Amino acid sequence: MAETATFHYDVDARSVGFVIDEELYSLDAIYGAAYLFVDRCWLFLDRPADKQVQVRLRSKEAEPAGGTLDALAGEFANELLNQVLRLRIGDSTRSLREYTLARAFFGDDDGERPNIDDLLAELDAEELADDPLEIQVPWDTGS
Amino acid sequence: MSVLQLHRSLYSADAIQAAAAAYAEFADAITVTESEVEYSVTFTAPDPDVPELLDAFANHVLFETAAARTA
């Protein structure tokens, strides 16, 4: 027997509401999605039970067009998934980002830290050096 | 008088205070009390020209709460 997943929500004249299970979508993901919707609709969060968050999206228009609220609920659900993925990628790459940042701030393993004057001198030298291959670059064509 | 109730586990007190300061001109007074489960925000004589004051206030609190969590 095939299993189906259905997104349950209730719609009235001006708002749409649904309950999110925090075991599936973290509170950070819910906040992340809500953050992106505050300019589009009125949002209200409530907690009907432990580990559950009720989200209600109310249209800023007095009489929203047909289908608008259904679309809003669907877009919010999609954004929730997007936020969950974003958070997971952030977590899984955290150590790499911290390592890269540490290298940028504290230099290489040889203990030498280039100062800003060295970096600027290096940049000037690169700009002034002749290109031995004489490859034409688009910003020098004058067209 | 209008009252907005916000669950303590979902909205931060600092965000409510920030919103109360931002919306102070739209009511004679905005007072916040708290119980074990929720904050109650009371708007005394809310501005009748701003019919969606509570909705806007709730959005502001949610925005501040979310921004503080992701900072």
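Proteins come first, then strands; the chains are lettered A, B, ... in the order of their sequence lines, and each starts at number 1. Computed from a prediction, not measured in an experiment: that's the story for all the values here.
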More than 12 non-hydrogen atoms from neighbouring residues, nucleotides or ligands closer than 6.0 Å to CZ on A:R88, yes or no? no

When hydrophobic residues are tied together by side-chain contacts of less than 4.5 Å, even through go-betweens, does A:L24 share a cluster with A:I20? yes

Donor-acceptor contact present, side-chain A:Y35 to main-chain B:E64, <3.5 Å: no

Value for CG (B:N59) from CZ (A:R40), rounded to nearest 0.5 Å, stands at 12.5 Å

Could you tell me whether the side chain of B:L10 reaches within less than 4.5 Å of the side chain of A:I30, counting heavy atoms only? no

Treat each ILVMFWY residue as a node, draw an edge where side-chain heavy atoms are under 4.5 Å apart, and state whether A:W42 and B:F43 are in one component. no

Under 4.5 Å between side-chain heavy atoms, counting indirect links through other Ile/Leu/Val/Met/Phe/Trp/Tyr residues: same cluster for A:F76 and A:F7 or not? yes

Please check if A:F37 and A:L69 belong to a single hydrophobic cluster, counting links between Ile, Leu, Val, Met, Phe, Trp and Tyr side chain heavy atoms closer than 4.5 Å. yes

Is there a donor-acceptor contact under 3.5 Å from the side chain of B:D55 to the main chain of A:K60? no

Interatomic distance, CZ@B:R69 vs CG@A:D28, rounded to 0.5 Å, equals 4.0 Å

Here the gap from B:Q5 atom CD to A:D46 atom CG, rounded to the nearest 0.5 Å, amounts to 9.0 Å

Rounded at 0.5 Å granularity, tell me how far NZ in A:K51 sits from OG in B:S9. 10.0 Å

Heavy-atom pairs under 4.5 Å with chain B: which of A:L45, A:D39, A:L27 has the most? A:L45

Same cluster or not: are B:V32 and B:F26 linked, directly or through other Ile, Leu, Val, Met, Phe, Trp or Tyr residues, by side-chain heavy atoms under 4.5 angstrom apart? yes

Just verifying a value: how many Å separate B:L62 CG and A:Y31 OH, rounded to the nearest 0.5 Å? 7.0 Å

What distance separates B:L54 CG from A:F44 CZ, expressed to the nearest 0.5 Å? 9.0 Å

